[in-house]
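What follows is one structure encoded as structure tokens, with my remarks underneath.
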Amino acid sequence: MDCIFCKIISGEIPSKKVYEDESVYAFYDINPMAPVHVLIVPKTHIASINELTPENSAVVAHIYEVAAKLAKELGVAESGYRMVSNCGADAGQTVFHLHFHLLGGRPLKVDMC
Ligand code: AMP
Ligand code: ZN
């Protein structure tokens with residue numbers, strides 16, 4: 001499949017890995033928008049939030065558990081951070097493999113949109 005994040009997960013495209021387990025992969029965003037900017041993705045190809053179903057959605061809860069662990073390790077658990085998943089054109093989604101941006105390390109804009 002021609003998916004950049006599937007290629008990162010398989011190692012075909014290099015990345016700066018932060019965490020990996022049987023169902024999740026996390027790596028530094030190539031174009032960081034904050035001092036801490038990590039992408040957390042399911043290893044299974046799911047195009048976006050729109051593709052979540054009762055059969056595949058458990059990984060999202062696991063991604064949030066991983067986010068809590070990484071936030072502690074990266075030193076932003078107490079200062080604060082934001083998890084963002086863009087879905088579709090109006091949200092500016094550019095990679096169609098479900099991913100969550102973990103952003104922190106400075107005060108983030110309060111605007112949600
Ligand atoms: P989104 O715009 O929500 O779809 O986010 C896609 C994110 O993937 C952007 O923040 C990009 O900077 C990031 N990105 C694209 N290609 C790579 C790559 N090869 N390694 C790391 N991050 C990437
Ligand atoms: Zn993919």
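As the structure lists them, so they are numbered: ligands from 1, and atoms in each ligand from 1.
The nearest N/O/S atom of His97 to the Zn ion (ligand 2) is ND1.
Every atom of ligand 1 with a heavy atom of Asn31 under 4.0 Å away is listed here by number and element: 12 (O). Listed by number with element, the atoms of ligand 1 under 4.0 Å from a non-hydrogen atom of Leu39 are 8 (O), 13 (C), 22 (N). The atoms of ligand 1 that sit less than 4.0 Å from any heavy atom of His101 are 1 (P), 3 (O), 5 (O), 7 (C), 10 (O). If you number the atoms of ligand 1 from 1 as listed, the ones under 4.0 Å from a heavy atom of Gly92 come out as 2 (O).
Heavy-atom distances between Ser15 and ligand 1 stay at or above 4.0 Å for every pair.
For the residue pair Asn86 and Gly92, the shortest heavy atom distance occurs at CB-C, 4.4 Å. The two atoms that bring His97 and Pro42 nearest to each other are NE2-O, 2.8 Å, heavy atoms only.
Within the 3.5 Å criterion, the main-chain N or O of Lys43 finds no donor-acceptor partner in the side chain of Glu22.
With respect to the salt-bridge test (charged N to carboxylate O, under 4.0 angstrom), the residues Lys7 and Asp2 qualify.
The side-chain tip of Lys16 points at the ring of Tyr28 from less than 6.0 angstrom away and within 45° of straight on.
Counting heavy atoms under 4.0 Å from ligand 1, residue Ile4 touches it through the side chain alone.
Atom 5 (O) of ligand 1 has as its closest protein heavy atom His99 NE2, 3.0 Å. Looking at atom 4 (O) of ligand 1, its nearest protein heavy atom turns out to be Thr94 N, 2.7 Å. Summary of contacts: the protein heavy atom closest to atom 22 (N) of ligand 1 is Ile30 N, 3.1 Å.
Ranked by closest heavy atom to atom 8 (O) of ligand 1, the top entry among Phe5, Phe27, Tyr28 is Phe5. Nearest to atom 7 (C) of ligand 1 by heavy-atom distance, out of Ile8, Ile13, Asp29, is Asp29.
Taking a 6.0 Å sphere around CG of Asp21, one finds it holds more than 12 heavy atoms contributed by other residues, nucleotides or ligands.
Using a 4.5 Å heavy-atom threshold, the side chains of Tyr19 and Glu73 count as separate. Side chains of Phe5 and Leu98 form no contact here, defined as non-hydrogen atoms less than 4.5 Å apart.
To the nearest 10 degrees, the angle centred on the Zn ion (ligand 2) between ND1 in His45 and SG in Cys6 reads 110°.
Here the OH-CG distance, from Tyr64 to Leu102, works out to 9.5 Å after rounding to the nearest 0.5 Å.
Of the polar atoms of Gln93, none of the N or O atoms is found under 3.5 Å from an N or O of ligand 1, judged by distance alone.
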